[in-house]
S.K.: 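I'd like to ask some things about the structure below.
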Amino acid sequence: MSADLTQTLTIPRPDDWHLHLRDGEMMRAVLPHTARNFGRAIVMPNLVPPVRTAADAQAYADRIREAIPSGCDFTPLMTLYLTETTDPDDLEAGFDAGLITAVKLYPAGATTNSDAGVRDLTRVDAVIERMAARGIPLLTHGEVTHAEVDIFDREARFIDDVLDPLRQRFPTLRVVMEHVTTEQAVAYVSGDQSGRLGATITVQHLMLNRNHMLVEGLRPHYYCLPVLKRARHQDALLRAATSSDQRFFLGTDSAPHPTHLKENACGCAGVFSAPNALACLAQTFEDADALDRLEGFVSRFGAGFYGLPVSEARLTLERCEAPLRPPDPIQVGDRSVTVFDPLRPIHWRVRP
Ligand code: NCD
Ligand code: ZN
């Protein structure tokens, strides 16, 4: 133990309920950073081409398992990418086999690798009906994509125009609103009485608002989708995450892209936070005087929503007197991936 340690916090091994691992060389480079600290992760299916069938999910899960460093206790929870040709029987068979945990809805064009997403929701009625009947959660990228809707309004419009009507048509459907970014989303989840609605929140949306991205220079490493919103929304997210309301849980949305494609005239969306997500969260919860609430948010509530046991393994966070250096970029072949840096002192780290 280093001499300047001021405090420790031991919690059940956390889970990440929204994660992009990519594939191939990138996957092998980023996976250890998650597998070290998280017991399980919901793995997003937006590969190119996407993970569309149970067979795709099986092959992807096999590739992930092969890349888990030895000694790491990590379970990938696989998702299917909902398309207008998703076969309800294939999905159900994968779910029954324990291979598929959930289905991801990307409105076509909403974000990175979403071109194969759903254009007309009524075309997936048969799949949704089966999911509602079988309790298979639908994970939503909750943004409308119409060109005329301002990007800062796209999440709120999705709730009113798409999500709420869908949930009224399928009242037993279980839904996780992924990476919520607005007070409207927080209010929608908080007001729900069904017990079938949850939401993930990312590290960056708790720590940052759009001023951090746009004032005193444009910070491309803060650009993600849904885009950072104004401070009022950040405050609402922070209140939700620190409220001990079990419907809100951690999904880092850690989404690696090579640095040169982020620092680009047309930079891509995604923040890579896997290496320091827990350290940043501990700092955020400490600053909100809510360290005692961190455990529920990162280690308990997501497992509860998915009907999985809370981990029996333990993870210890330790607070150091002196702030820690932000992590170096990681190398992926001859490329680098920049790690999330909230540009504020972080005193916490996961005990090595
Ligand atoms: C994600 C990615 O890069 O795959 N990017 C992001 O900004 N969050 C896609 C997503 O989750 O929307
Ligand atoms: Zn994502």
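In what follows, every heavy atom counts, from backbone to side chain, and hydrogens, waters and symmetry copies are set aside. When a ligand or atom number is given, it counts from 1 through the structure's own listing order.
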S.K.: How long is the gap from SG on Cys224 to NE2 on His179, to the nearest 0.5 Å?
M.R.: 8.5 Å
S.K.: Would you say Thr259's side chain and Ser336's backbone share a donor-acceptor pair under 3.5 angstrom?
M.R.: yes
S.K.: Is it the side chain, the backbone, both or neither of Met44 that has a heavy atom closer than 4.0 Å to ligand 1?
M.R.: neither
S.K.: Hey, are Arg154 and Glu143 close enough for a salt bridge, meaning a charged N less than 4.0 Å from a carboxylate O?
M.R.: no
S.K.: Is the closest side-chain heavy-atom distance between Asn276 and Ile346 below 4.5 Å?
M.R.: no
S.K.: With salt bridge (Lys or Arg N to Asp or Glu O under 4.0 Å) as the criterion, how do Glu295 and Arg300 come out once you've worked through the C-alpha distance, each side chain's angles and the decisive distance to 0.1 Å?
M.R.: CA-CA 7 Å; Glu295 170 172 334; Arg300 292 188 181 277; 2.8 Å; yes
S.K.: How does Asn46 reach ligand 1, if at all, at less than 4.0 Å between non-hydrogen atoms: by side chain, backbone, both, or neither?
M.R.: side chain
S.K.: Any chain of hydrophobic side-chain contacts (each under 4.5 Å) joining Leu238 to Leu294?
M.R.: yes
S.K.: Which ligand 1 atoms, with their elements, are less than 4.0 angstrom from a heavy-atom of Gly270?
M.R.: 5 (N), 6 (C), 7 (O)
S.K.: Checking only N/O/S atoms, does His141 have one that is under 2.8 Å from the Zn ion (ligand 2)?
M.R.: no
S.K.: Should the pair Arg13 and Phe74 be classed as cation-pi, given the thresholds of under 6.0 Å to the six-membered ring centre and 45° from the axis?
M.R.: no
S.K.: Taking the cut-offs as 6.0 angstrom to the six-membered ring centre and 45 degrees off its axis, would you call Arg210 and Phe152 a cation-pi pair?
M.R.: yes
S.K.: Any nitrogen or oxygen of Asp253, main chain or side chain, under 3.5 Å from a nitrogen or oxygen of ligand 1?
M.R.: yes
S.K.: Check all N, O or S atoms of Asp253 and name the one closest to the Zn ion (ligand 2).
M.R.: OD1
S.K.: Would you mind checking which non-hydrogen protein atom is closest to atom 11 (O) of ligand 1, with the distance to 0.1 Å?
M.R.: His20 NE2, 3.0 Å
S.K.: Is it the case that ligand 1 has an N or O less than 3.5 angstrom from some N or O of Leu225?
M.R.: yes
S.K.: Can an N, O or S atom be found in His20 less than 2.8 Å away from the Zn ion (ligand 2)?
M.R.: yes
S.K.: Kindly confirm or rule out an N or O of His141 lying under 3.5 angstrom from an N or O of ligand 1.
M.R.: yes
S.K.: Measuring from non-hydrogen atoms of Arg22 to any atom of ligand 1, is the shortest distance under 4.0 Å?
M.R.: yes
S.K.: Which bit of Glu178 gets closer than 4.0 Å to ligand 1, counting heavy atoms only: side chain, backbone, both or neither?
M.R.: neither
S.K.: At what distance is the nearest protein heavy atom to atom 12 (O) of ligand 1, and which residue and atom is it?
M.R.: Thr111 OG1, 2.7 Å
S.K.: Within the structure provided, determine whether Leu343 and Tyr222 are in side-chain contact (heavy-atom separation under 4.5 Å).
M.R.: yes
S.K.: In sequence, state the C-alpha distance, the side-chain angles, and the governing distance for Asp23 and Arg63, and then conclude on salt bridge (Lys or Arg N to Asp or Glu O under 4.0 Å).
M.R.: CA-CA 8 Å; Asp23 211 346; Arg63 296 196 296 279; 2.7 Å; yes
S.K.: Quick one: which ligand 1 atoms are inside 4.0 Å of a heavy atom on Cys224?
M.R.: 7 (O)
S.K.: So which bit of Ala255 gets within less than 4.0 Å of ligand 1, heavy atoms only: side chain, backbone, both or neither?
M.R.: side chain
S.K.: Decide whether Leu31 and Leu77 are clustered together by the hydrophobic rule: side chain heavy atoms of Ile, Leu, Val, Met, Phe, Trp, Tyr closer than 4.5 Å, transitively.
M.R.: no
S.K.: Considering only non-hydrogen protein atoms, determine which one is nearest to atom 5 (N) of ligand 1 and report residue, atom name and distance to 0.1 Å.
M.R.: Ala269 O, 3.2 Å
S.K.: Can you list the atoms of ligand 1 that are under 4.0 Å from a heavy atom of His18?
M.R.: 11 (O)
S.K.: Please work out whether any backbone atom (N, CA, C, O) or any side-chain heavy atom from C-beta onward of Lys104 is under 4.0 Å from ligand 1, and answer side chain, backbone, both or neither.
M.R.: neither
